[in-house]
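Below you'll find the structure, written out as structure tokens, and then a few comments.
Scope of the values below: all heavy atoms of this structure, side chains included, with no hydrogens, waters or symmetry mates.
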Amino acid sequence: MQMGCISFCLLVCLMYVVSVTTSQNSTTCDPTPCVSVSTCSIVNGLATCSSCPSGYFGDGLVDGTGCRDINECKLSEEGALVPPVCDPNALCTNTIGSFSCGDCPPEYHGTGDTECIRVPSIDVVEDTVVINVDGKRDVHVSVGEVNHSLRQALSTIETTDQTVSTQQQVLADTSVFATSTRSTLKSFSTSIGSALSNSITSLSSSVNTVYSDVVDSTASLAADNSVELSRSHSALSSGVTQLDNQFGNLQSELFSALHQHNASHGEVTDSLYIAVGEVEEDVSLLSAETSSTQSTLLSLIAAQSSQNAVMLSTISSLTTQLSTFVECNSNGMLFSGESCVNSCIAVGDCDAMCSTDTAGTMRFRDDSIEYCDGKSFVAPSASTFGLLPLDPAESCKQLQDVEYGTGNYYIGEIGTSALHYCDMSTSPATDFGGDGTTAAHPASTCAVLATQFSLSATRAYFFKVDGSAVQLYCDVKTNAFIPSGVSSSVAAPSCKAIHATYPITGTAAKWVTGGGVAPFKVTCEGSKVVMTVKASDFSPTAAIFSYEPTNNWYKCRCANALSRIPQRTSTWYVGVVPSQLSTQTCEEFHEIEYTSASVVLSINQVNYLSTIANNLNFNVISTSCDDDSVSAPGGHWLGFESTLGSNDYTTIDCTSGEGGGGQTSPTAATANNAGCCDKVLGNQYATYPFPTRICGSINTGGGISLTFSTSTLKFD
């Protein structure tokens with residue numbers, strides 16, 4: 001019955017695997033999408049239903065298959081659970097989520113939910129010795145079947161998984177009747193000799209009688225068929241002759257009448273011709289029936305001849321087997337149905353027969369059962385340590401200590417164990433994890449899943465990442481997991497790459513990496529990276545350089561640029577006044593900051609993001625005021641580092657014309673949207689589209705600014 005429990009546990013484990021289900025439409029557990037016996041939790045942003053409890057199956061979803069009771073008793077009765085959950089001699093009662101087994105019948109050991117083992121017994125029934133081993137495996141020992149039956153019984157005992165206590169009970173009971181078995185079998189062997197001789201004589205007589213009867217019956221049937229055919233033919237010929245005579249007479253009479261009444265009875269003439277035709281048709285049909293009857297009789301004779309040949313062949317085969325049977329018996333051997341085999345009627349007299357050809361035969365020795373393993377007789381044993389979920393090991397090392405080889409073994413505790421791949425070639429043994437179907441037994445790599453378990457591209461597996469179980473998908477082509485960005489160990493190239501496999505709802509902080517840059521966090525909104533920019537201390541969207549406070553960039557009132565600076569602080573309209581002016585070189589340097597996932601990004605991180613940025617939601621614009629239409633290096637211009645860290649700056653400039661002279665105050669206007677020019681920046685610097693280190697050169701009155709169209713930058 002331990003195997004029954006094992007089958008049931010395997011079924012429940014299977015139900016557990018398939019029932020951990022994620023709702024594709026819900027991101028909240030209130031209301032819960034799960035049935036009452038399943039617990040809702042949020043995993044990777046989605047509401048996830050826990051596995052159905054033991055004794056149930058389903059996906060746990062209200063809108064799915066829910067959690068349904070497993071009728072273990074019915075499955076056992078229908079043969080779906082082999083062996084059944086309860087011993088066949090005990091009553092199985094199904095309950096919601098479980099089952100119960102009744103008591104074993106009298107004269108049986110054990111309980112209904114383990115195994116009912118009957119006290120062994122021996123009987124002689126109709127010239128056959130019946131050895132009852134445990135109530136189910138009866139050994140019927142008769143002439144020609146001794147070795148086969150005993151070997152089959154031992155094979156059943158050997159391969160049936162029993163508890164240790166049951167095995168000990170069977171061995172103890174066996175010792176009680178071992179001596180009786182030998183005595184009874186030897187007595188039976190003596191008595192069956194004379195019975196066998198009588199049976200042979202009787203069988204020979206019966207075969208001869210059957211053979212004679214068949215020959216006589218065949219000859220008689222053939223003779224009867226021939227006589228019957230002759231009689232039928234004669235009768236038919238006589239009938240045809242009589243009809244011919246009648247037809248002749250009728251024809252003469254009809255023609256005579258026709259001659260007499262031809263003139264006045266034309267219609268009678270027509271009727272007579274019709275009558276003549278009908279008589280001719282009757283004669284033709286009778287002839288056809290005669291021919292058909294002859295054919296049928298000939299077919300019956302041929303079929304009977306074929307049956308006679310089959311019967312004679314069967315008698316010949318039986319005669320040959322009888323001859324072989326007699327020959328085996330005269331040599332002190334038994335006939336197996338094909339050839340003579342050694343006789344070992346008394347169990348325990350076959351010590352010399354253990355070989356590869358007799359593997360599986362058994363004997364009693366020292367009041368215990370032994371079986372031939374192909375080399376010698378040994379006591380039956382079956383270690384299930386680490387091989388069954390009901391007998392798991394604590395670790396791979398524990399199995400290595402008892403000299404197990406590399407392979408898949410059950411690791412954990414009873415009821416929650418799972419197969420792990422153990423590499424015994426290392427010291428200590430290396431546990432490469434489970435099959436990844438549960439968080440309690442995460443896998444180590446996709447490659448191990450592909451080679452040792454099953455690997456599917458359509459489902460996520462649990463992997464142990466940074467000490468926690470994380471669900472990841474595997475690339476079945478490369479046998480590598482697809483990064484989800486949930487930690488630095490599984491950083492992905494971008495939010496777009498993450499979103500393609502692990503859809504992101506709303507915003508979430510994810511780890512990205514690439515271009516030799518260590519993993520770092522960014523904010524993902526679906527497939528897009530989200531950053532905020534801080535262009536200067538005066539405004540998050542603007543960095544401004546002016547000639548002097550009363551001759552500054554603001555005086556031109558450049559409307560487009562002003563619309564891009566909604567957030568302003570302090571003297572934003574002046575920005576920065578370089579300490580040196582009119583040098584026609586970089587006079588003031590400025591660092592622009594970018595923040596994502598609440599962390600200011602480094603220049604190297606910004607540089608990596610610049611290599612993957614597409615589908616921007618923003619522009620970066622240079623706006624000049626009152627540069628007197630002078631091009632760089634005169635007038636006003638901005639410089640952008642052409643290569644990261646090179647300190648070599650590329651000039652980006654546009655000429656804006658005249659914007660008026662000095663101001664009466666820093667906020668006074670000398671022009672109304674005059675002397676302005678905008679230039680949208682292109683891919684002309686190292687970290688495009690994210691300028692990081694810039695410089696400004698102010699060589700006339702007014703100034704120049706760098707503005708972003710928005711402070712929240714998004715791209716994928």
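Taken to the nearest 0.5 Å, the CG atom of L706 stands 10.0 Å off from the CD1 atom of I544. Note that the CG atom of N647 and the CG atom of L644 stand 11.5 Å from one another [nearest 0.5 Å]. To the nearest 0.5 Å, atoms NZ (K679) and OG (S624) are separated by 12.0 Å. Going from atom CG of L46 over to atom OG1 of T48 covers 6.0 Å, rounded to the nearest 0.5 Å. In this structure, OH on Y421 lies 7.5 Å from CG on N408, to the nearest 0.5 angstrom. Taking CH2 of W572 as the reference point, atom OG of S536 lies at 11.0 Å (rounded to 0.5 Å).
By the 6.0 Å contact criterion, CG on D537 is open, its count of non-hydrogen atoms from other residues, nucleotides or ligands being 12 or less. In D63, the CG atom is not crowded: 12 or fewer heavy atoms of neighbouring residues, nucleotides or ligands sit closer than 6.0 Å. Around the OH atom of Y573, the shell of radius 6.0 Å holds more than 12 heavy atoms that belong to other residues, nucleotides or ligands. Within a 6.0 Å sphere centred on CZ of R568, other residues, nucleotides and ligands contribute more than 12 heavy atoms. Taking a 6.0 Å sphere around CD of Q684, one finds it holds more than 12 heavy atoms contributed by other residues, nucleotides or ligands.
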Hey, can you pull the donor-acceptor pairs under 3.5 Å for the side chains in residues 496-508, sequence neighbours left out?
| residue | atom | partner | partner atom | Å |
| --- | --- | --- | --- | --- |
| H499 | ND1 | I504 | N | 2.9 |
| Y502 | OH | Y473 | N | 2.8 |
| Y502 | OH | I482 | O | 2.5 |

Ignoring hydrogens and angles, write down the donor-acceptor pairs under 3.5 Å from the side chains of residues 511-529, residues two or more places apart or on other chains.
| residue | atom | partner | partner atom | Å |
| --- | --- | --- | --- | --- |
| T513 | OG1 | V517 | O | 2.5 |
| T523 | OG1 | A597 | N | 2.9 |
| E525 | OE2 | K714 | NZ | 3.0 |
| K528 | NZ | D716 | OD2 | 3.4 |

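Side-chain atoms of D435 and T437 include a donor-acceptor pair closer than 3.5 Å. Donor-acceptor pairing under 3.5 Å is lacking for the side chains of T655 and D627. With hydrogens and angles left out, the side-chain atoms of S709 and N619 include no donor and acceptor closer than 3.5 Å. Between the side chains of N607 and T687, no donor N or O sits under 3.5 Å from an acceptor N or O.
Below 30°, between 30° and 60°, or above 60°: for Y594 and F690 the angle between ring planes is above 60°, a perpendicular geometry.
Closest approach of K397 and P428 over heavy atoms only: CD-CB, 3.7 Å. Minimum heavy-atom separation, C422 to T406: O-CG2, 3.2 Å. Heavy atoms only, all atoms of each residue included: N552 and C625 are closest at O-SG, 4.3 Å. Of all heavy-atom pairs between F432 and S444, the closest is O-OG, 2.6 Å. Y685 and E641 get closest at one heavy-atom pair: CB-O, 3.7 Å. Contact record, P633 with N699: O-ND2, 3.1 Å, taken as the closest heavy-atom pair.
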Begin from the C-alpha positions of H636 and S697 and carry the test side-chain hydrogen bond (donor to acceptor under 3.5 Å, both in side chains) through to its verdict.
CA-CA 6 Å; H636 310 315; S697 181; over 6 Å; no
Decide yes or no on ring-ring contact (aromatic ring centres under 6.0 Å, His included) for Y547 and W553, but give the supporting numbers first.
CA-CA 8 Å; Y547 185 79; W553 173 84; over 10 Å; no
Steps toward side chain to side chain contact (heavy atoms under 4.5 Å, CB included) verdict (T712, F618):
CA-CA 8 Å; T712 301; F618 64 95; over 6 Å; no
For E591 and R693, what are the C-alpha separation, side-chain angles and deciding distance, and is it a salt bridge (Lys or Arg N to Asp or Glu O under 4.0 Å)?
CA-CA 5 Å; E591 302 283 348; R693 183 173 171 82; 2.7 Å; yes
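In terms of modelled atom types and a separation under 3.5 Å, the side chain of S596 and the main chain of M531 share no donor-acceptor contact. Formation of a donor-acceptor pair under 3.5 Å by the T595 side chain with backbone atoms of S598 is not found in this model. A distance-only check finds no donor-acceptor pair linking the side chain of T550 to the backbone of Q663 [under 3.5 Å]. Panel note: side chain S546, backbone V576; no donor-acceptor pair is recorded below 3.5 Å. Distance alone, capped at 3.5 Å, is enough to place a donor-acceptor pair between the T611 side chain and the Y608 backbone. Between the side chain of D648 and the backbone N or O of S642 there is no donor-acceptor pair closer than 3.5 Å. Y404 places a side-chain N or O within donor-acceptor distance of the main-chain N or O of F385, the cut-off being under 3.5 Å. Side chain of Q400 to main chain of M424: a donor-acceptor pair is present (N/O by atom type, distance under 3.5 Å, no hydrogens or angles).
Side-chain contact between T700 and D626 is absent, with no heavy atoms from C-beta onward closer than 4.5 Å.
Sulfur-to-sulfur, C676 and C556 sit at least 2.5 Å apart at their SG atoms. Sulfur atoms SG of C29 and C34 are positioned 2.5 Å or more apart. When the SG-SG distance for C49 and C40 is compared with the 2.5 Å cut-off, it comes out at or above that value.
Between D678 and R564 there is a salt bridge, since at least one side-chain N of the basic residue sits less than 4.0 Å from a carboxylate O of the acidic one.
Every residue meeting the side chain to side chain contact (heavy atoms under 4.5 Å, CB included) condition with V630, not counting sequence neighbours, appears here in chain and number order: D628.
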